[in-house]
Amino acid sequence: MTIIEFALSKTNTAPKYKQIAELLAEKIESGQLTANDKLPTHRFLADKLGVTVGTVTRAYAEAERKGLVEARVGAGTYVVDKKKVYWAFDQRDNYDPNECNFGFNIPPMFDRSEMLKEAMGNVAQSAQALNQFMIYQKPTGIDSHRQMVASWLNEHGVKLDADRLLFCSGAQHGMQMVFEAFTRAGDTILSEKLTYPGLISLAKQKQLTVKGVEMDEQGVLPAALDAACRQFQVRFIYLTPTLQNPTTATMSLERRKAILEVCKQHNLYVIEDDVNGLLPKDAPPPLVNLAPEQVFHIGAFSKCLAPGLRVGYIQPPSKMHPHLSITLQNHSWMISPLLTALTCELLSSNKLENTLLFIRTEMKERLTLALNYLSDYQLQYTHDCFHVWLTLPDHWRLSDFVNRAAENGVIVKSAELFSPPATNVPPAVRLALSSPIDQAQVETGLIKLKALLDSTPISDFTL
Ligand SMILES: Cc1ncc(COP(=O)(O)O)c(C=O)c1O
C-alpha cells in the first residue's frame, strides 16, 4: 500500500468525497502517486481523515469515474496505468521500455477518454434521437448521418455523394462486402505487388487468386497493369493509392490518371482502399474524384481517429449500389446508428481535426527518430505515414533478421506477410513507427535494429 499524506481543508465547503477525489487527482498530476500505486484501504483512509468509510468509497468511485484509479477485484484500488489502457489487443501486459513492438499499423496512442465522454454526452442529449438509434433503420442508415459524413469528406477533398454512400464496420468490412457482392470463387483479382495482409487473407477465404502488379515508389506501374489485364481475366484491382501498406507509396495525380486510363480501357473496376487517405494534409485527390463510376471507394475513421470505433464507408459505382445495399442488409441489416451518430458528433465537434493534428505531429517526430538511426540503410518513407519500409542489407536473410529482432524484444513485420501467394518475397520489413507506446520505446527499438543491421550474422547452415 502506498502511504500518502492527506489533509482535508477546513475552509473547503465541497462535499468531502469530492475533496478527496480532487486531492488524489493532484497527487497523480504532481507525480507523488504513479501508475500502479496501490491506494490505502477504505478503512485506513477513513480513520486517517476522520471521515466515514462510505465517504472514501464514494471518493474512490469518483476518482475511478474520472479515469484516475481502478478497482481490481479482490486486490484493492490502484492508480491507472494510462499506457496500459491504450494498448492494442495483444500487446504485452506490462510496459517494458526495453521492448518495442513495431507490428501494428495503428494511430499513435493517446487518451481518447475525454473526447469520447464529451461526444457520448452530446449524442445522449436528445431522447428522441436515442430512441431512434435503438430501432431498425434502412440498410443505408440514417439519412442525416450519411449527409453529415459525406459533407465532411467533401470539405476534406473526398468527393462522395450522400445518396450513394453506405456505412460499413471499418475498411476491412467494406472490402469483404465488395468481394462478397461482386466476385465468385475462382476469380482472379489484381493488387499492388506487395499488399495489405487483410486483402490476402480475405481473398484466400473467398477462394480468389491475387496477382500482384509491379510497382515503384508511386505504386502500380501503368504498363505493368496493362500487361496484367491482357494476361489475366480480371474485373477488379485493389489499390491503396495513398500511403500504401506496406511500401508507403503514394500515387501522384499523373499516376492516378494514367492508372484510371488503363482501367477504363480494360473495363477494370478499382477497389480504392483510402483508409490512410485522410492522414496527409495534402494528398492528391482520391481515385473516386477522378472516375466515380470506375471506383469502389472505401474509407474509414480507423487510422485518423480510432480503430475501435469500427465506422467506415463505401461508395460504389451507381449501378452497383442496390446490390451492395442488399449485401449489407444480408450481413448485419445495418451499421449501428449509435456508432454513426457518435462518428458524426466527433466530426462536427472538430475532434477528428484535433486528433489528426496530434497524429501528424507525433508521426513527424517518430519519423525523425527513424531517419536518425536508419539513414545508412534503404528506407522507404512518406510523411504522415504510420510505417516505413526497410530493405535489408545483403548480409541479412529476411527470416533471420525478423527472428533475431524478436529475440531482442523488437517486433517487425516480414515482407512475406504482404506478398500474395506465389510471388517473390523481397528482403524487407515493415516498421509501424506508430505502434510502440511512446517515443522512448520507438528509440529503443531503432537502436536495437541499427545494432542488428550493423552486425554481421553468424551464418547458419544445415545438412
Ligand atoms: C491498407 C489497409 N486497409 C484496411 C485496413 C483495415 O482498416 P479497418 O480497421 O478500418 O477495417 C488496414 C488496417 O491496418 C489497412 O492497413
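For the single chain, residues carry numbers from 1 onward in sequence order. Numbering of ligands and ligand atoms starts at 1, following listing order. Predicted model, so just to flag it, every value in this text is computed and none were measured.
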For this output row, return yes or no: ring centroids of H387 and F104 closer than 6.0 angstrom.
no

Assess whether a salt bridge exists between D143 and K138, defined as any Lys/Arg side-chain N lying under 4.0 Å from an Asp/Glu carboxylate O.
yes

Under the ring-ring contact (aromatic ring centres under 6.0 Å, His included) test, which residues partner Y313, sequence neighbours left out?
F301

Distance-only criterion, 3.5 Å: show the donor-acceptor pairs between side-chain atoms of residues 178-189 and protein atoms not counting sequence neighbours.
unit_1	atom_1	unit_2	atom_2	d
E180	OE1	H331	NE2	3.2
E180	OE2	H331	NE2	3.2
T183	OG1	F179	O	2.5
D187	OD2	R184	N	3.0

Quick one: which residue pairs count as a ring pair (Phe, Tyr, Trp, His ring centres under 6.0 Å) with a foot in residues 339-382, not counting sequence neighbours?
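Every ring pair (Phe, Tyr, Trp, His ring centres under 6.0 Å) pair that includes a residue of residues 339-382, provided the two are not neighbours, is F110-F358.
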
In a check of side-chain contact (heavy atoms from CB on, under 4.5 Å) between L160 and each of L153, N289, I314, which one passes?
L153

Distance dump, ligand 1 polar atoms to protein, N/O, under 3.5 Å:
unit_1	atom_1	unit_2	atom_2	d
ligand 1	3 (N)	D273	OD2	2.5
ligand 1	9 (O)	S302	OG	3.2
ligand 1	9 (O)	R310	NH1	2.9
ligand 1	10 (O)	A171	N	2.8
ligand 1	10 (O)	S302	OG	2.5
ligand 1	11 (O)	A171	N	3.1
ligand 1	11 (O)	Q172	N	2.9
ligand 1	11 (O)	R310	NH2	2.9
ligand 1	14 (O)	K303	NZ	2.5
ligand 1	16 (O)	N245	ND2	2.9

